[in-house]
Amino acid sequence: SLYKAPLIANYPGVKLTGPEFQQALLDQMAEEGVELIHGRALSVMNLGETFGIAVGNDFHEATAVIIAAGITRESAYKGENEYVGKGVSYCATCDGMLYKGKNVAVIGTSSEAREDMEFLRSIGCDVLELTGSEGIEIRGEDKVTSIVAGGEEHEVACVFILKDTISLSKLVQGLEYSNGAIVVNSDMATNIPGIFAAGDCVGKPYQVGKAAGDGN
């Protein structure tokens, strides 16, 4: 997630940590008088002229809905959650320069993963390629120091987890999906009038600049 990013260097005019960037966004929302309701949205129901959103045990009504749910990844590898932002990354082009010339591991077999491996090699990284089926464990102390795969331990500074598809809970009955992503048009409108989607949940590339553009 954005909050866990150690550095955002792929957004024009911005070079901040993820928490700093997120706080700037929250501060701007507060200045504009946006009311935030924290909770877990469970479902969105079409009530005709409005939508009902179940949030935990509460219920809210809205005339329009924007889904910005990000992506939900598959089950984590052992050690993955502990080291997100500390040597576990989901974007080689975003974070690769932080590990220039170092040993890294890439989990993934898609054409995009291969392109990312070539990028990492082009900046001097020694890349260990893994498919994700080798009984992987990510190890470290304050940050990642190694990865265990196929019973062997390899010293690495970062593990890039580059999965080809995403899984996304269907919050809305009848919402159209393609390859795990919500289908939208150029106005970010879904197939259901009044419901929009933006950001990583509408598909690749998973970049903060593209997500902000969607939101615009």
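We number each residue from 1, following the sequence as shown.
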Within the supplied structure, the quantity of interest is the number of heavy atoms (other residues, nucleotides, ligands) at a distance under 6.0 Å from [X] [atom1]; does it exceed 12?
X: Lys210; atom1: NZ; answer: yes
X: Asn185; atom1: CG; answer: yes
X: Ile66; atom1: CD1; answer: no

With heavy-atom distances below 4.5 Å as the criterion, would you say the side chains of [X] and [Y] are in contact?
X: Ile195; Y: Pro193; value: no
X: Ile182; Y: Thr190; value: yes
X: Ile8; Y: Val208; value: yes
X: Phe196; Y: Ile67; value: no
X: Met97; Y: Asp95; value: no
X: Ser43; Y: Ile53; value: no
X: His154; Y: Asn103; value: no
X: Val88; Y: Tyr90; value: yes

Would you kindly confirm whether [X] and [Y] end up in one hydrophobic cluster when ILVMFWY residues are joined by side chain heavy atoms under 4.5 Å apart?
X: Leu130; Y: Val84; result: yes
X: Val65; Y: Val172; result: yes
X: Val34; Y: Leu26; result: yes
X: Tyr206; Y: Val183; result: no
X: Leu7; Y: Val104; result: yes

What distance do [X] atom [atom1] and [Y] atom [atom2] have between them, rounded to the nearest 0.5 Å?
X: Lys100; Y: Ser122; atom1: NZ; atom2: OG; result: 9.5 Å
X: Leu162; Y: Cys91; atom1: CG; atom2: SG; result: 8.0 Å
X: Asn216; Y: Met188; atom1: CG; atom2: CE; result: 11.0 Å

Check: Other hydrophobic cluster members with Leu47, side-chain heavy atoms of Ile/Leu/Val/Met/Phe/Trp/Tyr under 4.5 Å, chained?
Finding: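 Members other than Leu47 - counting any ILVMFWY side chain reachable under 4.5 Å - are Met45, Phe59.
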
Check: Partners of Arg114 by side chain to side chain donor-acceptor pair (under 3.5 Å), sequence neighbours excluded?
Finding: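 With sequence neighbours excluded, Arg114 shows a side chain to side chain donor-acceptor pair (under 3.5 Å) to no residue whatsoever.
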
Item checked: Residue list, side chain to side chain donor-acceptor pair (under 3.5 Å) with Glu61, at least two apart or on another chain -> Thr50

Minimum-distance pair of heavy atoms, taken over all atoms of [X] and [Y]:
X: Glu118; Y: Arg121; value: OE2-NH1, 3.1 Å
X: Ala211; Y: Gly199; value: CB-CA, 3.8 Å
X: Cys201; Y: Ala69; value: SG-N, 3.9 Å
X: Pro6; Y: Leu98; value: CG-CD1, 4.1 Å
X: Asp200; Y: Pro205; value: OD1-O, 4.4 Å

Check: Which is it for Thr93 and Gln207 under the side chain to side chain contact (heavy atoms under 4.5 Å, CB included) test, yes or no, and what are the steps along the way?
Finding: CA-CA 9 Å; Thr93 54; Gln207 298 282 335; 3.4 Å; yes

Next item on the list: Give the ring-plane orientation class for Phe21 versus Tyr11, where under 30° counts as parallel, over 60° as perpendicular and anything between as tilted.
Entry: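 Rings of Phe21 and Tyr11: tilted, 30 to 60°.
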
Are the side chain of [X] and the backbone N or O of [Y] linked by a donor-acceptor pair below 3.5 Å?
X: Glu134; Y: Gly132; result: yes
X: Asp214; Y: Ala68; result: no
X: Glu20; Y: Thr17; result: yes
X: Tyr83; Y: Ile138; result: no

Check: Given Lys78 and Glu80, is the salt bridge (charged side-chain N to carboxylate O under 4.0 Å, His left out) satisfied, shown in steps?
Finding: CA-CA 6 Å; Lys78 188 172 182 181; Glu80 176 182 345; over 6 Å; no

Next item on the list: Take His60 and Val55, measure what side chain to side chain contact (heavy atoms under 4.5 Å, CB included) needs, and give me the verdict at the end.
Entry: CA-CA 7 Å; His60 303 277; Val55 182; 3.6 Å; yes

Next item on the list: Using the side chain to side chain contact (heavy atoms under 4.5 Å, CB included) rule, take Tyr77 and Ile107 through it: C-alpha gap first, then chi angles, then the decisive distance, then the call.
Entry: CA-CA 10 Å; Tyr77 298 109; Ile107 302 173; 3.4 Å; yes

Check: Is the closest side-chain donor-acceptor distance between Glu153 and Ser146 under 3.5 Å?
Finding: yes

Item checked: Audit row: Val156, Val144, side chain to side chain contact (heavy atoms under 4.5 Å, CB included) steps and yes/no -> CA-CA 7 Å; Val156 295; Val144 169; 4.1 Å; yes

